[in-house]
Amino acid sequence: MRRDVFQAIADPVRRDIIALLAEETLTVNTIAEKFNISRPAISKHLKILNECELIVYEKHGRERLCKIQPKSLVPAFLWIERYKSLWEDKLDSFDAYLTELQAKANNNE
C-alpha cells in the first residue's frame with residue numbers, strides 16, 4: 001500500500017509524534033514512554049510515518065533514533081495554504097458577528 005503525508009497526519013497520535021520530533025531527535029523507546037499506548041502501537045505509527053517519509057531512522061549503537069523530515073510535510077502545507085484565505089474570511093465574518101452581538105447586548109443593559 002502506498003501511503004502519503006495526508007494519511008500520516010490524519011491520526012492524532014502521529015501528529016503528536018511529529019510535534020515531538022520537530023523539537024528533537026528521539027529514540028523509539030523515548031517516544032513510546034511519552035504515550036499511554038503500547039510499544040507495538042507506537043512502532044506501527046512510526047512505521048507509517050517512515051513509509052510516508054516523514055521520519056527516518058538513524059542507528060546509533062544499539063538504539064534507533066527517529067528524525068523528522070520536515071520537507072515531506074510540504075504537500076500538506078501547500079494544500080492547506082490554498083484554503084487559508086477562505087478560512088480567514090469566515091473567521092473575520094464570525095468575529096464581526098460576535099462584535100455585533102456584544103454591541104446589542106451592551107445596548108440592552
Test log, rule side-chain contact (heavy atoms from CB on, under 4.5 Å), inputs L20 and F35: CA-CA 11 Å; L20 286 172; F35 292 89; 3.6 Å; yes
Intermediate values then yes/no, side-chain contact (heavy atoms from CB on, under 4.5 Å), H45 and I31: CA-CA 11 Å; H45 286 297; I31 294 168; over 6 Å; no
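Every residue two or more places apart in sequence or in another chain that forms a side-chain hydrogen bond (donor to acceptor under 3.5 Å, both in side chains) with T30 is listed here: T27. The side-chain contact (heavy atoms from CB on, under 4.5 Å) search around T99 returns D95, not counting sequence neighbours. With sequence neighbours excluded, the residues satisfying salt bridge (Lys or Arg N to Asp or Glu O under 4.0 Å) with E100 are K104. Partners of A10 under the side-chain contact (heavy atoms from CB on, under 4.5 Å) rule, at least two apart in sequence or in another chain, do not exist in this structure.
Taking hydrophobic clusters as Ile, Leu, Val, Met, Phe, Trp and Tyr residues chained together by side-chain heavy-atom distances below 4.5 Å, Y57 shares a cluster with L49. A continuous path of hydrophobic side-chain contacts links L26 to V28 [ILVMFWY only; heavy atoms under 4.5 Å]. Residues F6 and I80 share a hydrophobic cluster, clusters being chains of Ile/Leu/Val/Met/Phe/Trp/Tyr side chains in contact below 4.5 Å.
Annotation: the span from C66 atom SG to L21 atom CG amounts to 6.0 Å, rounded to 0.5 Å. Here the CG atom belonging to L46 is positioned 11.5 Å from the CG atom belonging to L54, to the nearest 0.5 angstrom.
The two atoms that bring I48 and A8 nearest to each other are CG2-CA, 4.5 Å, heavy atoms only. Annotation for I37 and I42: closest pair CD1-CD1, 3.6 Å, computed over non-hydrogen atoms. Across all non-hydrogen atoms, the minimal contact from V5 to P75 is CG1-CB, 4.1 Å.
Listed for the D4 side chain is a donor-acceptor partner under 3.5 Å among the backbone atoms of Q7. Counting only distance, with no hydrogens or angles, the side chain of S72 and the backbone of E53 share a donor-acceptor pair below 3.5 Å. A distance-only check finds no donor-acceptor pair linking the side chain of R14 to the backbone of I9 [under 3.5 Å].
The salt bridge (Lys or Arg N to Asp or Glu O under 4.0 Å) pairs that include a residue from residues 64-77 are E58-K67, where partners are two or more places apart or lie in different chains. Sequence neighbours left out, the pairs with a member in residues 26-50 that pass salt bridge (Lys or Arg N to Asp or Glu O under 4.0 Å) are K47-E51.
At least one side-chain heavy atom of I18 sits under 4.5 Å from a side-chain heavy atom of L73.
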